Student: 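I have a structure I would like to understand better, so I am pasting it below and will then ask my questions one at a time.
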Amino acid sequence: MRSNQVLDFLEFVEGQKNQSVRQLLDKILHQSRLMTKAEAGTIFIARSRGAKRWLEAASAQNDAIPVSRADFTVPIGPGTIAGYVADRGKTLLVDDVYGIPARSPYKFNPKFEHKSYKTRSMFCFPLKNFQDEVIGVVQLINCRPNKSRPPVPFKAAVADLVAPIARVVGHSLERAEMLEQIKLKNLKLRERNRQLDEQRAHIEALQGETEEAFQLSIRLLARASEIHDEETGNHIVRVNEYSYYIAKTLGMPDTWCDEMRYSAQLHDVGKMSVDSAVLKKKGGLDPAEREEMNRHTVYGYRILSASPRLKLGAEIALSHHEKWDGTGYPNGTKGEAIPISARIVQIADVYDALRSQRPYKPAFDHEKSVHIITIGDERIDPRAHFDPQIIELFKHNHLEFDAIWRRLHD
Ligand SMILES: [Fe+2]
Ligand SMILES: [Fe+2]
């Protein structure tokens with residue numbers, strides 16, 4: 001082997017940067033055999049787990065007989081030729097494997113020999129990494145420059161030339177293995193990210209469904225409370241919209257406004273629990289019946305306060321009949337002690353009742369309704385009943401209320 005051959009080989013190995021480890025091993029074995037006229041050969045990769053170290057055959061070639069993928073292992077240490085070379089980290093030339101002396105620390109194991117093949121000469125050298133550790137072994141078998149003649153011993157000179165090759169091959173092998181590991185890690189990371197994306201989409205879909213189910217069930221709850229009620233149709237939907245509009249115009253936070261938009265409709269949910277004889281009674285109520293009717297506020301609070309998402313609804317149900325001057329029910333709460341949510345729904349509820357036909361009154365037009373809420377009539381005294389700030393807001397924006405009425409009237 002001449003030195004320009006060595007250079008060719010080094011150039012070859014350096015040119016194989018983006019190969020898979022398996023392909024690289026096959027090519028290295030092939031090139032090594034061409035250079036040394038070896039008829040056959042095997043490349044082993046060193047593996048370890050804890051104190052246990054062994055060689056794994058990674059590529060095997062033989063020009064004389066077909067060989068299947070190498071898949072055998074040998075322990076690192078004295079015993080086999082490859083195991084001994086890996087252990088010592090030194091090159092080994094054997095002229096005739098059947099002539100190895102019995103006292104030698106390595107032996108040829110004919111067990112690995114193919115039935116129709118006979119190993120004679122052997123040239124075995126270690127592959128080393130950047131830290132000078134053995135990471136593999138190249139085992140070349142039967143130097144055969146002339147195919148028509150039996151194998152001859154490998155020349156001692158190849159052993160001297162192989163040292164730089166072994167190092168460069170070791171380095172590029174290590175690099176290829178690192179690259180493969182990085183690729184594998186990237187692949188796993190990408191797969192993990194894909195799974196996370198999928199999970200996120202799934203959770204979002206579920207949340208969407210849950211949200212829809214939640215909205216539907218509170219709508220049904222609000223509807224159920226109207227069964228015996230004069231307030232039917234779109235009343236609850238419009239109260240939601242007026243309340244949302246007032247909340248927005250007051251400059252309340254967005255999430256709070258959104259919550260108002262579905263909580264306002266729950267103001268009369270407690271009517272479900274009111275004695276149905278009282279609820280269905282036509283004409284005036286006696287004081288006891290009036291008291292039972294007024295308890296729909298407390299009943300509503302009890303129904304809704306169990307759910308954390310309905311806290312606002314519960315507070316509205318409890319306080320939507322309180323009055324600014326403290327003459328309302330159930331607690332006679334006064335002024336700003338009445339939750340703002342309830343003060344909002346109160347005006348929304350009253351405006352819609354004025355616009356609607358009820359057993360005790362005809363439907364009023366927008367102008368008359370605005371007059372009653374801002375100036376008053378025999379039943380409603382706005383300054384005593386409503387939050388003055390919200391009356392002001394209503395005065396300036398009353399057309400918006402009319403627009404909602406028109407858009408959503410029955
Ligand atoms: Fe009510
Ligand atoms: Fe109402």
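In this text, all values refer to a predicted model and were calculated from it rather than measured experimentally. One-based numbering, in listed order, for ligands and for the atoms of each.
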Student: Which atom, among the N/O/S set of His296, is closest to the Fe ion (ligand 1)?
Tutor: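 For His296, the N, O or S atom at the smallest distance from the Fe ion (ligand 1) is NE2.
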Student: For the Fe ion (ligand 2), which N, O or S atom of His235 is at the shortest distance?
Tutor: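 In His235, the N, O or S atom with the shortest distance to the Fe ion (ligand 2) is NE2.
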Student: Verify the distance criterion only: is there a donor paired with an acceptor across the side chains of Asp268 and His320 at less than 3.5 Å?
Tutor: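 Note: Asp268 and His320 side chains meet the donor-acceptor criterion.
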Student: Check the orientation of Tyr84 and Tyr106. Use parallel for under 30°, tilted for 30 to 60°, and perpendicular for over 60°.
Tutor: tilted
Student: Does the distance from a Lys or Arg side-chain N to an Asp or Glu carboxylate O, for Arg261 and Glu241, drop under 4.0 Å?
Tutor: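 Result for this pair is yes, salt bridge flagged.
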Student: At the Fe ion (ligand 1), what's the angle from Asp268 OD1 to His321 NE2, rounded to 10 degrees?
Tutor: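 Rounding to the nearest 10 degrees gives 170°.
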Student: How wide is the angle at the Fe ion (ligand 2) spanned by Asp349 OD1 and His267 NE2, rounded to 10 degrees?
Tutor: 100°
Student: Which of the N/O/S atoms in His320 sits closest to the Fe ion (ligand 1)?
Tutor: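 Of all N, O or S atoms belonging to His320, NE2 is the one nearest the Fe ion (ligand 1).
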Student: Over 60° means perpendicular and under 30° means parallel, so tell me whether Tyr329 and His321 are parallel, tilted or perpendicular.
Tutor: parallel
Student: Is Lys368 paired with Asp377 through a side-chain N to carboxylate O contact shorter than 4.0 Å?
Tutor: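 No, this pair does not count.
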